[in-house]
Participant: 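Following this message is one structure expressed as structure tokens.
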Protein chains: 2
Amino acid sequence: MGLLIVVDPSSGVPVYRQLMDQIKFHIASGLLGPGDELPSTRALSSELGVNPMTISKAYSYLEKENVVERRPGRPLIVRDLTGEAMTDQRMKQLRESLTAPVRMALQLEIDREEALKLFREMIDTSEEDADERR
Amino acid sequence: MGLLIVVDPSSGVPVYRQLMDQIKFHIASGLLGPGDELPSTRALSSELGVNPMTISKAYSYLEKENVVERRPGRPLIVRDLTGEAMTDQRMKQLRESLTAPVRMALQLEIDREEALKLFREMIDTSEEDADERR
DNA sequence: AGAGGTGAATCAGTTTCGTAATACACTATA
DNA sequence: TATAGTGTATTACGAAACTGATTCACCTCT
């Protein structure tokens, strides 16, 4: 059967981004592991009622982000992100994503410890949520 | 003389957003304090070569974020963000801005401690940079 | 070689976003 | 009240984003 993917075209969030998010989440949750094949563009397309090109676009971006490996004429497979070689790149991504909050904390004159406390708290609760789903 | 504001229309970042960022930064750095008047839309407009409506749009968003106070027919003034009443709201803003990094850390399976360490490090260096400018 | 599978390049249609031109409402000051 | 300052609502237009239809290139297996 198909992957647990649901899209809501009227949510405001672009469909291709919803796809990316859910696939990445399934990788993080362990449901998809290194070497696993992603569903074909046509299969997902008919299952979700979404145009194949929209699926393809999501896959392309995932490939650009090195989450997935493309093999011409064959289904995409999940890359192994746990290797040492990948660590730098993952941290670099996280760093980029943190620049906005860091700037905001400075702008709002929020105390260093307060900001760290909030971040720690948010990480912990999100990890608990993920655990419950396993 | 005018505020130290520079915009680059070809940077990809919307002009109104560049304005917001720089004004917020000037508030954080202490150059703009509570009660200070912002430059008039027309003054900034001619100084930067930007349409007055673009300035106004930036001002409107700043007002929505409670950074600035609007007074019909009079220049906008900087609000006092240090009060106790504002703290909750500022933390709420930071929390929103942190949701993306939190989700990313989970998706990338980045260790909790690693993520916290990076955040702490980034906050510290950004505070140093700000200090140097004072 | 042929059939049936894979993903993607190209192009078009629609919507959203950022910017700008105009005209209006308000306030301070004379 | 008259004038000159303030910000902005309305509207329009160009660019970019998102989705979709068609067509192509590639691989696997018989």
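First the proteins, then the strands, lettered A, B, ... as listed; each starts at 1. Side chains included, hydrogens not; waters and symmetry mates left out as well; all remaining heavy atoms used. Computed from a predicted structure; not experimentally measured.
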Participant: Rounded to the nearest 0.5 Å, what separation is found between the OG1 atom of A/Thr54 and the CG atom of A/Leu19?
Facilitator: 8.0 Å

Participant: Classify every nucleotide of nucleotides 25-30 of chain D by which part a protein heavy atom approaches to under 4.0 Å, writing B for the base, S for the sugar-phosphate alone and - for neither, in 5'-to-3' order.
Facilitator: -BSS--

Participant: Base, sugar-phosphate, or nothing: which does B/Ser56 touch, judged by heavy atoms less than 4.0 Å apart?
Facilitator: base

Participant: Mind checking what makes side-chain hydrogen bond (donor to acceptor under 3.5 Å, both in side chains) contact with A/Arg42, not counting sequence neighbours?
Facilitator: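 So A/Arg42 forms no side-chain hydrogen bond (donor to acceptor under 3.5 Å, both in side chains) with any residue.
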
Participant: Within the sub-3.5 Å range, which N or O atoms of nucleotides 16-22 of chain D have a protein N or O partner, and how far apart are they?
Facilitator:
residue : atom : partner : partner atom : Å
D/dC18  : OP2  : A/Tyr16 : OH           : 3.0
D/dT19  : OP1  : A/Val15 : N            : 2.5
D/dG20  : OP2  : A/Asn51 : N            : 3.4
D/dG20  : OP2  : A/Thr54 : OG1          : 3.4
D/dA21  : OP2  : A/Asn51 : ND2          : 2.9

Participant: Measure the distance from NZ on B/Lys64 to P on D/dT8 and round it to the nearest whole Å.
Facilitator: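 Going from B/Lys64 (NZ) to D/dT8 (P), I get 11 Å.
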
Participant: Run the side-chain hydrogen bond (donor to acceptor under 3.5 Å, both in side chains) test against A/Arg71 and tell me which residues pass, sequence neighbours left out.
Facilitator: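 Residues passing side-chain hydrogen bond (donor to acceptor under 3.5 Å, both in side chains) with A/Arg71: none at all.
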
Participant: Check the distance between D/dT6's C1' and B/Arg70's CZ and give it to me in whole angstrom.
Facilitator: 12 Å

Participant: Does the B/Ser45 side chain pair with the main chain of B/Asn51, one donor and one acceptor, at a distance under 3.5 Å?
Facilitator: no

Participant: Strictly distance-based, threshold 3.5 Å: is any side-chain N or O of B/Ser29 a donor or acceptor partner for the main-chain N or O of B/His26?
Facilitator: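 At least one qualifying donor-acceptor pair exists.
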
Participant: How close do B/Leu98 and A/Phe119 get, heavy atom to heavy atom, and via which atoms?
Facilitator: CD2-CD1, 3.7 Å

Participant: First and last nucleotide of DNA chain C touching chain B, 5' to 3', heavy-atom cut-off 4.0 Å?
Facilitator: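 From 5' to 3', the first and last contacting nucleotides are C/dG18 to C/dA28.
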
Participant: Would you name the heavy atoms of B/Met91 and A/Leu118 that are closest together and state the gap between them?
Facilitator: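 Looks like O-CD2, 4.0 Å.
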
Participant: At under 4.0 Å between heavy atoms, what does A/Ile55 touch on the DNA or RNA strands: base, sugar-phosphate, or nothing?
Facilitator: nothing

Participant: Quick one: does any side-chain atom of B/Gln18 pair with a main-chain N or O of B/Val13 as donor and acceptor, under 3.5 Å?
Facilitator: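 At least one qualifying donor-acceptor pair exists.
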
Participant: Side chain of A/Gln107, backbone of B/Ile27: donor and acceptor closer than 3.5 Å?
Facilitator: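 Absent.
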
Participant: Please give the angle, rounded to 10 degrees, between the axes at the start and the end of the helix from C/dA1-D/dT30 to C/dA30-D/dT1, where five pairs define each axis.
Facilitator: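 Here the helix ends are tilted 10° relative to one another.
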
Participant: Say you draw a straight line from CD of A/Gln93 to CG of A/Asn66; how long is it, rounded to the nearest 0.5 Å?
Facilitator: 8.5 Å

Participant: When you measure from the side chain of A/Arg70 to the backbone N and O of A/Glu63, does any donor-acceptor pair fall under 3.5 Å?
Facilitator: no

Participant: Shortest non-hydrogen contact from B/Gln22 to B/Leu4?
Facilitator: OE1-O, 3.8 Å

Participant: Quickly work out the B/Leu38 CG to D/dT8 P distance and round it to whole Å.
Facilitator: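 Spelled out: CG on B/Leu38 to P on D/dT8 is 11 Å.
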
Participant: Could you give the CG-to-C1' distance, from B/Leu62 to D/dT8, as a whole number of Å?
Facilitator: 15 Å

